[in-house]
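A quick write-up on the structure given underneath.
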Amino acid sequence: MDKKLKIRSKNLNFYYSQFKALHDISLDFYENQATALIGPSGCGKSTFLRCLNRMNDLITGIRVEGSILIDGKNIYDPSIDVVSLRGRVGMVFQKPNPFPKTIFENVAYGLKIKGIKDKNLIAEYVEKSLRAGALWDEVKDRLNNTALGLSGGQQQRLCIARALAVNPDVLLMDEPCSALDPIATQKIEELIHDLKKSYTIIIVTHNMQQAARTSDITAFFYMGKLIEAGKTDTIFTNPALKTTEDYITGRFG
Amino acid sequence: MRNSTSAANNLHDHEITTIHERQLQLRPEFKKVFHVKIQKRKKLFQHLFYFLFRLAAFINFAALAIIIYFILSNGLNAITWEFLTKPPVDSMTRGGILPCIIGTVCLSICSVSVAFPVGVFSAIYLNEYAKQGFVLRVIRLCINNLAGVPSVVYGLFGLAFFVIYLEMGVSIIAGALTLGIMTFPVVIGSTEEALKAVPDTYREASTGLGATKLQTILRVVLPTALPGILTGGILGISRAAGETAPVMFTAAVFFSPKLPSGIFSEIMILPYHIYVLATAGTEIEATRELQYGTALVLITLVLSMNLIAIIYRAKLRKKTKI
């Protein structure tokens, strides 16, 4: 692999109080690649994704063992500033969740909380991010309308643009298309394809075709364990393990 | 896991067999009659309860309508320009109620400026920060009990603590603090309601963008919850404006020739004025019209505050649209 290592998860164990949700996950992510995490519901893929920007910290009673290194630094080290970590590792959620503000304010939000006050600079970043989110042409004339008036697919692209505005290195996507129709899904997938050039992308998906279309690497989770990970082509055409094959051919899950 | 599913299956089987057996016992002709009877009874009950629910809802409307009609018909004649702009004269048997109006407005505003910040801040703590546990339960218990304390007890407490012990005297500030404590639960309740209505996905999105907890609360949660919070505040004001017992020992006086000059002035207020005219005045019968006129002014004040709250909330809702 000639790509540069971005994130390394080392022997990660994760507990919701007594329940062990992740068993000994070791997985590498490379720069400018899209990695898909697949597996049946409750297999731990979303939990794992949320470990990568410590969103799980919001839940009480969780415990993490092992380490996740981003650019060589353990993000579970006590000296890490979680707030700035989340600025570097952006996240897009399952359901589009724009704020009940204007389109402009949604994208500007991340900049404003960073303390940027220069209006011209903010406007410039907002345009850039909306372009990167492939939404600019559709909304440039109504930036001051409420974001809740957009369609579901547009809202999700707005959420992606909002995440991009804070200029992260990594973009986590938790089933970003599960609430969208096929056309909106296609647009997001095309977007992921473009974003790969500048970001490390990790996408959780239930849709096998989506994993096959969008990702370079696929990791298959089952019952809190990482069963198999490898090049997407290989996983989908010639998986090493029977469980993986059963899942991707739809025999269970 | 497996045990519980098999137990559920057993239960299901059991239900199916009993229903099946019962059906076998019913002869076909009997079954038909029985069925029709049940249908009729069901329909009757449907109508009966629909009627009861509707009646109960209508009683609310009727109660308010009757009160307003009663006060209007008795008090409307008293309302003159002089009544609204002059102080009472001749042992309060003639003249106006200007000091009472001003007193009520001042007292309401002061008490809400005590209750609103403390109430909103506590609600934020309870809803956004506090972890479930013993301390939280105790605080909630206190709030619920605070709401249940009779208002005259607040009055006596205010007299003992603010007026006498803290040497504030009978004054706007003593009354405002007493009323403020009394309106905490109202403000906390409606603020918590409003905060709970803010979807967690907003908090997640904000946190995911690298916002601190405080930024998330100030920039996303509070603006979204604002309509509900302000409604709570205004309901608090209108509650405070109408109270008599907590202020009759702490802020209000029988008669005061001057308008209030500061927060340590004693004041006349509308509800207490009605009480005084109706029970302790020199000419109770002769001042009936003044009593109803004062009541009309009070109820107009309170209702219009509520109306403003409703309109304002509707406007904000349109903008944020939760």
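Labels below follow one simple rule: chain letters A, B, ... track the order of the sequence lines, proteins then strands, and each chain is numbered from 1. When reading the values below, keep in mind they use all heavy atoms of this one structure, side chains included, and skip hydrogens, waters and symmetry mates.
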**Asked** What part of B:Gln132 is in contact with chain A, defined as an atom under 4.5 angstrom from a non-hydrogen atom: side chain, backbone, both or neither?
**Response** neither
**Fill in**
If one checks every heavy atom of B:Lys131 against chain A at 4.5 Å, the contacting part turns out to be side chain
What part of [X] lies closer than 4.5 angstrom to a heavy atom of chain B: side chain, backbone, both or neither?
X: A:Pro168; answer: neither
X: A:Thr60; answer: side chain
X: A:Val82; answer: neither
X: A:Val83; answer: both

Taking everything shown except [X] itself, do over 12 heavy atoms lie less than 6.0 Å from its [atom1]?
X: A:Tyr15; atom1: OH; answer: yes
X: B:Lys196; atom1: NZ; answer: yes
X: A:Lys196; atom1: NZ; answer: yes
X: B:Tyr129; atom1: OH; answer: yes
X: A:Phe14; atom1: CZ; answer: yes

**Item:** side-chain contact (heavy atoms from CB on, under 4.5 Å) assessment of B:Thr201 paired with A:Phe99
**Value:** CA-CA 9 Å; B:Thr201 55; A:Phe99 300 125; over 6 Å; no
When rounded to the nearest 0.5 angstrom, what is the spacing between [atom1] in [X] and [atom2] in [Y]?
X: B:Lys213; Y: A:Leu58; atom1: NZ; atom2: CG; answer: 7.5 Å
X: B:Thr216; Y: A:Ile113; atom1: OG1; atom2: CD1; answer: 7.0 Å
X: B:Thr207; Y: A:Arg86; atom1: OG1; atom2: CZ; answer: 6.0 Å
X: B:Thr224; Y: A:Lys101; atom1: OG1; atom2: NZ; answer: 6.5 Å
X: B:Asp200; Y: A:Asn97; atom1: CG; atom2: CG; answer: 11.0 Å

**Request:** Starting from the C-alpha separation in whole Å, work towards a yes-or-no answer on side-chain contact (heavy atoms from CB on, under 4.5 Å) for A:Glu105 and B:Arg219.
**Result:** CA-CA 11 Å; A:Glu105 284 298 323; B:Arg219 288 172 179 268; over 6 Å; no
**Message:** Please rank A:Met91, A:Lys95, A:Arg162 by heavy-atom pairs under 4.5 Å with chain B and give me the top one.
**Reply:** A:Arg162
**Request:** Would you mind telling me which of A:Gln94, A:Lys114, A:Met55 has the largest number of heavy-atom pairs within less than 4.5 Å of chain B?
**Result:** A:Met55
**Message:** Using the rule given for side-chain contact (heavy atoms from CB on, under 4.5 Å), can you reason through B:Gln215 versus A:Lys112, listing the C-alpha separation, both sets of side-chain angles and the distance that settles it, and then say yes or no?
**Reply:** CA-CA 10 Å; B:Gln215 283 175 323; A:Lys112 287 188 177 166; over 6 Å; no
**Request:** Please report the shortest heavy-atom distance between B:Ala211 and A:Tyr109, naming the atom on each side.
**Result:** CB-OH, 3.9 Å
**Message:** On a heavy-atom basis, which atom in A:Pro100 and which in B:Tyr202 lie closest, and how many Å separate them?
**Reply:** CD-CE1, 3.4 Å
